[in-house]
Amino acid sequence: MPALIDLIEAGRPVEHHAPWRRAVVAPKVWNLAVEQLAAGRWSLLGLWGEPDRVHMALLDEALNIGVISLDCRGGRYPSVGQQHPPALRLERAAADLFGLAPQGLPDTRRWVDHGQWGVSHPLAARPGGPAAASSYRFMAAEGESLHQIPVGPVHAGIIEPGHFRFTASGETVVRLEERLGYVHKGIEGLMAGASIDRAAKLAGRTSGDSTVAYSLAFARAAEAALGVAVPPRAVWLRALMAELERLANHLGDIGAICNDAAFALMHAHCGVLRERVLRAADAAFGHRLMRDRIVPGGVASDLGEAGTSAIRSLVAEIRQRFPHLVELYDNTASLQDRTVATGRLKVELARQYAAGGYVGRASGRDFDARRTPGYAPYDQLAFDVPVLQESDVNARVWIRVREVEQSLSLVEQILGRLPAGPIHVDIDAPNGPREGMALVEGFRGDILAWLRIGEDSSIERCHLRDPSWFQWPLLEAAIEGNIVADFPICNKSFNCSYSGHDL
């Protein structure tokens, strides 16, 4: 069995300044990597394109990460999704964005392009290809007494747009098919030619609830490309912001899941605690979501005594109030009736799709980018990664509960050990094109950022991969066999990002 490092060394190495290597490989090597994915030995971390090349980020059994690239003659390359389903939507997106045509791709429908861009689609001439804007065909389900329920893309609540097509037998869901792409913003296109500072701002706006995580991923990738060493105080402040963001989102999600089970009391109390986190973040860093506070080279604002005091008060309040809410959740029979055994995601699927965050960890996948491959300062902090096997809505709630507890501990550790010193260093112009990549743990899971910086210090190409790319398809699998009325609670337990996925 080949090792990932062997495949990379067999190709043409690309200059990089990161702990991971990249090489341009031959089609034979590309196909060998696809075989490892299909056999379940390796995991797919990302797949993205350029007009004449396709890239794939991989994680092997030894938890080594590398990127292999394939030159695409005539815009064609061997499909990964033909043998490894997690790549299907990524390949469809690359076809829409860069005109790449994966050979053997089982699903040739458009993905982010809804036929309104006025361009010829590379797969349009193929049977079943996306020939026209209005010809999108949802997959058919066969059987007696089946009916379809279309939901969206415009929803009754104040949420982002996405279309959900249910096929049901009575109240039981036989199939769910999603159609996304309605909030495609062209962030990666806007980054091309942008300055590093401008691109950093765009990265932080990829998904509003993960602005810290995206800013951190982009900054670390840029710093890896340029060989920049960030001051220790800035490194620790970044982790503090990341844990505050994790706290705010997990608290909000726990309440929202309960609200979808008609238990508004939990929603109200968790909402209060989430608001406390946002106010503490504002007091500490001058912005409730901490947007634009992480920048390449460090951070944009320091933490003063007032901010430290606000965060310490926040931790004390959550530690006092949160255990009572957890007890309320655990002892409310009507909640347990809705969450236990609902929306089960098979452990095998979580592993196959390399599902990150609470989705993967609730289904037995023990992966956290803060620990492996790891990055500072988490290598100096003590924390556990909760993992459960039950795989249902209840398990995804409990993963969040345990992560709230871990984040409180991490915040206390960071405040107690925060080093003094500068918070930013200047970034020098590169000596030739440089590439960098980073894998950062957001509240949903691992976020990947890969970029190439040109000689003029502008971004030539940047790819950002949200964990939702590998979680949205799993929601389709988890809802099968459940009743239609349980979809909202299943959906909220996944809480995939529309905006982060659609870019």
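Throughout, numbering of the chain's residues begins at 1 and tracks the sequence.
Checked by atom type, the side-chain pair Ser409/Gln413 shows a donor-acceptor distance below 3.5 Å. No side-chain N or O of Ser195 forms a donor-acceptor pair with one of Asp197 less than 3.5 Å apart. For the 3.5 Å distance criterion, the side chains of His184 and Trp111 fail to qualify, holding no donor opposite an acceptor. Using modelled atom types and a 3.5 Å distance limit, the side chains of His55 and Arg53 yield no donor-acceptor pair.
Remark: Glu177 engages Arg109 in a salt bridge, criterion side-chain N to carboxylate O under 4.0 Å. Using a 4.0 Å cut-off between charged nitrogen and carboxylate oxygen, Arg351 and Glu348 do not count as a salt-bridge pair. Comment: Arg444 engages Asp209 in a salt bridge, judged by a side-chain N to carboxylate O separation of less than 4.0 angstrom. The pair Arg396-Asp253 does not count as a salt bridge, with every side-chain nitrogen at least 4.0 angstrom from each carboxylate oxygen. The existence of a salt bridge linking Arg452 and Glu460 is confirmed by a sub-4.0 Å separation between a basic side-chain nitrogen and an acidic carboxylate oxygen. Of the charged side-chain nitrogens involved, at least one lies within less than 4.0 Å of a carboxylate oxygen, so that Asp446 and Arg465 count as a salt-bridged pair.
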key: Residue pair Val299, Arg293: steps toward the side-chain contact (heavy atoms from CB on, under 4.5 Å) verdict   = CA-CA 6 Å; Val299 296; Arg293 295 310 186 258; 5.8 Å; no
query = Can you check side-chain contact (heavy atoms from CB on, under 4.5 Å) on Arg205 and Asp292, steps first, answer last?
reply = CA-CA 9 Å; Arg205 287 155 176 78; Asp292 299 333; 2.8 Å; yes
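Annotation: Arg417, atom CZ; neighbour count of heavy atoms from other residues, nucleotides and ligands within 6.0 Å is above 12.
For the salt bridge (charged side-chain N to carboxylate O under 4.0 Å, His left out) criterion with Arg238, the lone passing option out of Glu223, Glu243, Glu245 is Glu223. Between Tyr498 and the choices Trp472, Tyr182, Trp469, the ring-ring contact (aromatic ring centres under 6.0 Å, His included) rule is met once, by Trp472.
Expressed to the nearest 0.5 Å, how far OG of Ser499 lies from CD of Glu160 amounts to 5.0 Å.
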